[in-house]
Amino acid sequence: MAMQFYASPEQVQRDRSEYARKGIARGRSAVVLTYEGGILLVAENITTLRKISEIYDKIAFAAVGRYNEFEALRRGGVRMADMVGLSYDRRDVTARALANTYTQTLGAIFSETQKPYEVEICVAQVGATPEADELYRITYDGSVMDEPGFMAMGGQAEAIANVLRERHDASAELLAALTLAREALGSVGGENGQARTLEAKQLEVAVLDRRRPGRAFRRITGAALTTLLGHESVPEADLGDVDAAPPAPAEAKPTISAASEDTEGTDK
């Protein structure tokens with residue numbers, strides 16, 4: 001009979017926490033911070049897979065860690081938001097409710113499964129005023145924190161957060177906020193501890209624009225992002241647009257298939 005080794009619950013939890021933290025730290029970082037016009041989300045990302053996405057009208061999602069795991073969480077959040085918005089009212093969809101759901105999901109995975117999720121996520125909601133903005137950080141074990149205007153995730157998050165803590169200004173314009181986010185992300189990871197200069201192709205950038213009616217999420221790419229990183233302002237109309245919505249149903253959808261034609265008795 002094989003002997004089973006005993007491990008205390010405390011040791012099991014410590015081992016799972018260490019495993020998840022190491023997995024998250026291996027990835028590239030992301031920062032989220034408030035500015036005068038809304039909430040800015042910036043991630044270091046050299047792939048076409050997105051770390052930053054829209055969840056609902058005024059709500060965005062940012063994540064670091066294993067892509068397949070946080071993408072599953074994002075999709076679940078979108079489904080929940082759509083269900084609540086359709087069943088009740090669009091105003092009933094809130095970042096706080098989504099954060100509570102993610103907390104329960106990640107907490108259950110951490111406690112009940114052998115492998116925890118190697119993810120850290122942010123759910124952000126832009127308000128009518130800077131004081132009404134909400135940033136929620138949810139970690140791999142289901143812990144949730146209400147962040148005070150800025151946060152950093154993944155990689156050397158603590159060092160990046162120190163830069164944000166020293167210089168963050170909620171009344172700054174978009175150009176200044178993006179410059180700070182870029183410099184904070186580039187402050188770590190260089191050779192011999194030197195700072196890096198991140199280019200547009202290395203960054204994924206989006207904003208929740210409080211002045212925009214309806215869907216507040218805008219993804220900043222291409223020429224607009226390059227211009228902003230060159231310390232030049234961009235007209236609001238040229239910043240970018242929301243992610244593409246699903247196509248509307250066709251007005252004259254066919255009801256009879258071409259294969260349904262009666263061909264009985266015809267020559268073949």
Kindly give the heavy-atom pair with the smallest separation between [X] and [Y], and that separation in Å.
X      : Y      : result
Ala95  : Val123 : CB-CG1, 3.7 Å
Ile55  : Ala81  : CG2-CB, 4.2 Å
Ile109 : Pro116 : CG2-CA, 4.4 Å
Thr34  : Ala170 : OG1-CB, 3.8 Å
Val234 : Ala224 : CG2-O, 3.7 Å
Val32  : Cys122 : CG2-SG, 3.9 Å

What is the distance from atom [atom1] of [X] to atom [atom2] of [Y], rounded to the nearest 0.5 Å?
X      : Y      : atom1 : atom2 : value
Asp209 : Lys58  : CG    : NZ    : 8.5 Å
Met145 : Thr103 : CE    : OG1   : 9.0 Å
Leu175 : Thr179 : CG    : OG1   : 4.5 Å
Arg96  : Glu134 : CZ    : CD    : 5.5 Å
Arg167 : Leu33  : CZ    : CG    : 11.0 Å
Leu73  : Asn68  : CG    : CG    : 10.0 Å

Would you check if [X] and [Y] make a side-chain contact, meaning some heavy-atom pair closer than 4.5 Å?
X      : Y      : value
Asp146 : Tyr136 : yes
Glu120 : Ile138 : no
Glu173 : Ser233 : no
Thr139 : Ile121 : no
Ile220 : Val207 : yes
Glu36  : Pro130 : no
Leu185 : Val42  : yes
Phe150 : Val31  : no

Hydrophobic clustering (ILVMFWY, side-chain heavy atoms < 4.5 Å, transitive) - are [Y] and [X] grouped together?
X      : Y      : result
Leu135 : Tyr35  : no
Leu203 : Val188 : yes
Val93  : Phe61  : yes
Ile52  : Met153 : yes

Does either side chain, that of [X] or that of [Y], offer a donor lying less than 3.5 Å from an acceptor on the other one?
X      : Y     : result
Glu69  : Tyr67 : no
Glu118 : Tyr19 : yes
Tyr140 : Arg16 : no
Asp15  : Gln11 : yes

What I want to find out is whether [X] reaches [Y] closely enough, with some N-O distance under 4.0 Å, to be called a salt bridge.
X      : Y      : value
Glu204 : Arg219 : yes
Arg14  : Glu18  : no
Glu71  : Lys51  : no

Exceeds 12 heavy-atom contacts within 6.0 angstrom, atom [atom1] of [X]:
X      : atom1 : value
Arg165 : CZ    : yes
Arg91  : CZ    : no
Gln13  : CD    : yes

Residue from Asp57, Ile39, Leu208 passing side-chain contact (heavy atoms from CB on, under 4.5 Å) with Phe217: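 Testing Phe217 for a side-chain contact (heavy atoms from CB on, under 4.5 Å) against Asp57, Ile39, Leu208 leaves exactly one candidate, Leu208.
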
N/O donor-acceptor pair under 3.5 Å between [X] side chain and [Y] backbone:
X      : Y      : answer
Arg75  : Val78  : no
Thr105 : Tyr102 : no
Gln125 : Thr94  : no
His168 : Met151 : no
Asn45  : Leu49  : yes
Arg182 : Leu229 : yes
Arg196 : Ser187 : no

side-chain contact (heavy atoms from CB on, under 4.5 Å) assessment of Leu41 paired with Val205: CA-CA 6 Å; Leu41 306 97; Val205 181; over 6 Å; no

Criterion side-chain contact (heavy atoms from CB on, under 4.5 Å) on Arg74 and Ser53, from CA distance to verdict: CA-CA 8 Å; Arg74 183 195 68 83; Ser53 299; 3.5 Å; yes

Ser17/Phe110 under side-chain contact (heavy atoms from CB on, under 4.5 Å): CA gap, chis, key distance, verdict: CA-CA 9 Å; Ser17 295; Phe110 182 79; 3.4 Å; yes

Candidate pair Ile24 and Arg66, rule side-chain contact (heavy atoms from CB on, under 4.5 Å), full reasoning: CA-CA 8 Å; Ile24 295 169; Arg66 292 184 66 90; over 6 Å; no

